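Worksheet: the structure to be examined is printed underneath.
Chain letters run A, B, ... following the sequence lines, proteins first, then strands; residues in each count from 1. What you see is a predicted model, and the numbers here were worked out from it, not measured in a lab.
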There are 2 protein chains.
Amino acid sequence: MPSFDATERRVDRTCGRFPAFPRQPALLVRLVKHIARSVHDAGNASLRAHGINHTDYNILMMLYGSEDATCTPSDLAAAAGEKLANITRVCNALCDKKFITRAPSHDDRRKIMVRLTPAGRRFVEGLLPDMADLLDAFTQGLDAREQTTLEKLLKKMLAGAEAVAGQ
Amino acid sequence: MPSFDATERRVDRTCGRFPAFPRQPALLVRLVKHIARSVHDAGNASLRAHGINHTDYNILMMLYGSEDATCTPSDLAAAAGEKLANITRVCNALCDKKFITRAPSHDDRRKIMVRLTPAGRRFVEGLLPDMADLLDAFTQGLDAREQTTLEKLLKKMLAGAEAVAGQ
DNA sequence: TCAAAATAGTACACAAATGAAATATACAGG
DNA sequence: CCTGTATATTTCATTTGTGTACTATTTTGA
């Protein structure tokens, strides 16, 4: 019944044709990919009315959650899971919208301090009620205990994936 | 120590500033996103030498796992988690490389049957040993029991996410 | 039986993301 | 001090992905 069955059947057939293929790791990776995609799409759909997309939102949220609502592009990239070059592009657009400002750091002039403006903060807080509902909907099928277990296991998986990707 | 801490701290600060924000669902969604990204990047890095990217690979794999190594673009889109328009583009490139062929279906002429060629099958099988190692590395931190639990919980989360995204 | 609706795929203009090179600043060792 | 190396960010050409509109077929149901 669930749409993932079509994927799972294909992984099974792959294992039948090439027995060294690791079934369970492949399923885990594909599940993660499908979830990430659904979340991204649902986020985009819900944010479109506000004139931003899911990536913009993630970056604004990581800034909102930073001390002083300020941090560097590199920190944003690490926290949001984006490439630095993409942060530059997104921040250009967020600057144009007056949601953030950029200023060189004084203790290290290679660094840029990105800061959420009051207008940016208000914009984020206007989004949060809807986004909170979305997040709850994504995880509605899991009780509190299951969510805790899932968090623990995903952290282990992330450690493995980052070790391979080289941070 | 793990790089996800920077993200987690920001979610915590967000909850401090906006208490209705659901901490655990937000962490789960961000974990999934970070893992998907690491996997995608590591896949791209490892596949570059072979002249394809992770998306191309996923589509080839879904075909390889199809009955008769044949299916429609719509099925590929659903199984690989891609948009139909993107399947068209990727399949154009895979056709140019002679890894797949396209032919109209006879029982429904709206449909196109995409089929892996013998050259495409050999190409995939040449990739599989390395990709199997990658998959094992991603999940090295999880024992068999944990992988089973993780699969179960991710399937529940996917159901929730797809319900929101509307399939 | 035939119009309206649904389904399958593609085309295209545009948006988003990437890799690699370039720029600028900081740091470390001789 | 310099000089080489590491770090932080941006630029740019290119690749990858999306939304929407369009064509062609099939299905529905009145």
Side-chain angles (χ1 to χ4, degrees), chain A residues 33 36-38 40-49 51-59 70-97 100-114 165-167, chain B residues 33 36-49 51-59 70-97 100-115 165-167:
Chain A
K33 187 187 167 169
R37 190 131 160 23
S38 286
H40 185 75
D41 287 353
N44 274 344
S46 157
L47 291 164
R48 188 164 313 132
I52 62 167
N53 64 27
H54 196 240
T55 304
D56 300 333
Y57 165 78
N58 282 153
I59 289 171
T70 302
C71 73
T72 67
S74 293
D75 290 341
L76 277 182
E82 292 292 333
K83 297 273 163 58
L84 190 49
N86 205 32
I87 297 291
T88 299
R89 183 184 61 81
V90 172
C91 284
N92 287 342
L94 295 175
C95 265
D96 290 348
K97 296 192 175 193
I100 65 173
T101 57
R102 280 195 275 211
S105 159
H106 278 299
D107 54 289
D108 183 341
R109 289 186 314 184
R110 290 170 304 184
K111 292 186 182 174
I112 296 285
M113 302 311 291
V114 179
Q167 282 102 88
Chain B
K33 190 188 163 165
R37 197 145 123 22
S38 286
V39 166
H40 185 74
D41 287 353
N44 274 343
S46 154
L47 291 164
R48 189 163 312 129
I52 63 166
N53 64 27
H54 196 240
T55 304
D56 300 332
Y57 166 78
N58 282 152
I59 290 171
T70 302
C71 73
T72 67
S74 294
D75 290 341
L76 277 182
E82 294 290 333
K83 299 274 163 58
L84 188 50
N86 204 31
I87 297 291
T88 298
R89 185 183 61 81
V90 170
C91 283
N92 286 341
L94 294 176
C95 265
D96 290 347
K97 297 191 175 193
I100 65 173
T101 58
R102 280 195 273 212
S105 158
H106 278 300
D107 54 288
D108 184 342
R109 288 186 314 181
R110 290 170 303 182
K111 291 187 183 174
I112 296 286
M113 303 312 289
V114 178
R115 165 170 292 136
Q167 284 103 86

Subject >> Base versus backbone protein contacts along nucleotides 13-18 of chain D [heavy-atom cut-off under 4.0 Å; B, S, -] >> reply: ---SBB

**OP:** Name the nucleic acid region contacted by Thr88(A), choosing base, sugar-phosphate or nothing; use a 4.0 angstrom heavy-atom cut-off, strictly under.
**Re:** base

Original post:
Starting at NZ of Lys111(A) and ending at C1' of dT23(C), how long is that distance when rounded to a whole Å?
Top reply: 18 Å

**OP:** Sequence neighbours left out, what passes side-chain hydrogen bond (donor to acceptor under 3.5 Å, both in side chains) with Lys111(B)? Give chain and number order.
**Re:** none

Original post:
What's the CG-C1' distance between Asp108(B) and dA6(C), to the nearest Å?
Top reply: 12 Å

**OP:** Check the side chains of Arg89(B) and Asn86(B) for a donor-acceptor pair under 3.5 angstrom, ignoring hydrogens and angles.
**Re:** yes

Original post:
Which residues satisfy the side-chain hydrogen bond (donor to acceptor under 3.5 Å, both in side chains) test with Asp107(B), sequence neighbours excluded?
Top reply: Ser105(B)

Subject >> Derivation and outcome, side-chain contact (heavy atoms from CB on, under 4.5 Å), residues Cys91(B) and Leu76(B) >> reply: CA-CA 10 Å; Cys91(B) 283; Leu76(B) 277 182; 4.2 Å; yes

**OP:** State whether the distance check finds a donor on one side and an acceptor on the other, under 3.5 Å, for side chain Arg109(A) versus base dT25(C).
**Re:** no

**OP:** Side-chain contact test, heavy atoms from C-beta onward, threshold under 4.5 Å: evaluate it for Thr88(B) versus Pro73(B) and give yes or no.
**Re:** no

Original post:
Leu84(A) near the nucleic acid: base, sugar-phosphate alone, or nothing, with a heavy-atom cut-off under 4.0 Å?
Top reply: base

Subject >> the helix from dT1(C)-dA30(D) to dG30(C)-dC1(D): angle between end helix axes, five pairs per end, rounded to 10 degrees >> reply: 30°

Original post:
Are Ser74(B) and dG9(C) close enough that a side-chain N or O sits under 4.0 Å from OP1 or OP2?
Top reply: yes

**OP:** Mind checking salt bridge (charged side-chain N to carboxylate O under 4.0 Å, His left out) for Lys83(B) and listing every partner two or more places apart, or none if nothing turns up?
**Re:** Asp41(A)

**OP:** Please list, chain by chain and in numerical order, all residues satisfying side-chain hydrogen bond (donor to acceptor under 3.5 Å, both in side chains) with Asn53(A), sequence neighbours excluded.
**Re:** none

Original post:
Contacts to DNA chain D from residues 100-107 of chain A, heavy-atom cutoff under 4.0 Å, which residues?
Top reply: Arg102(A)

Original post:
With sequence neighbours excluded, what pairs up with Asp75(B) under the salt bridge (charged side-chain N to carboxylate O under 4.0 Å, His left out) test?
Top reply: none

Subject >> Under the side-chain hydrogen bond (donor to acceptor under 3.5 Å, both in side chains) test, residues paired with Thr55(A) that sit two or more places apart >> reply: none

**OP:** Could you tell me which residues satisfy side-chain contact (heavy atoms from CB on, under 4.5 Å) with Leu47(A), sequence neighbours excluded, listed by chain and number?
**Re:** Ile52(A), His54(A), Tyr57(A), Leu127(A), Met131(A)

**OP:** Just jot down the salt bridge (charged side-chain N to carboxylate O under 4.0 Å, His left out) partners of Arg110(A), sequence neighbours excluded, or say none.
**Re:** Asp108(A)

Tabulate protein N/O versus nucleotide N/O from nucleotides 1-4 of chain C, keeping only pairs under 3.5 Å, one per line.
none

**OP:** Figure out the CG/C1' separation between Asn92(A) and dC12(D), and round it to whole Å.
**Re:** 13 Å

Subject >> Nucleotide dT25(D), atom P - distance to CE of Met113(B) in whole Å >> reply: 17 Å

Original post:
How many Å lie between CZ on Arg110(A) and P on dA6(D), as a whole number?
Top reply: 13 Å

Original post:
Rounded to whole angstroms, how far apart are CD1 on Ile112(A) and C1' on dT25(C)?
Top reply: 11 Å

Original post:
Does CZ in Arg102(A) sit with more than 12 non-hydrogen atoms of other residues, nucleotides or ligands closer than 6.0 Å?
Top reply: yes

Original post:
Short question: side chain of Lys33(A), backbone of Val39(B) - any donor-acceptor pair under 3.5 Å?
Top reply: no

Subject >> Whole-Å gap separating C1' (dG19(C)) and NE2 (His54(B)) >> reply: 18 Å

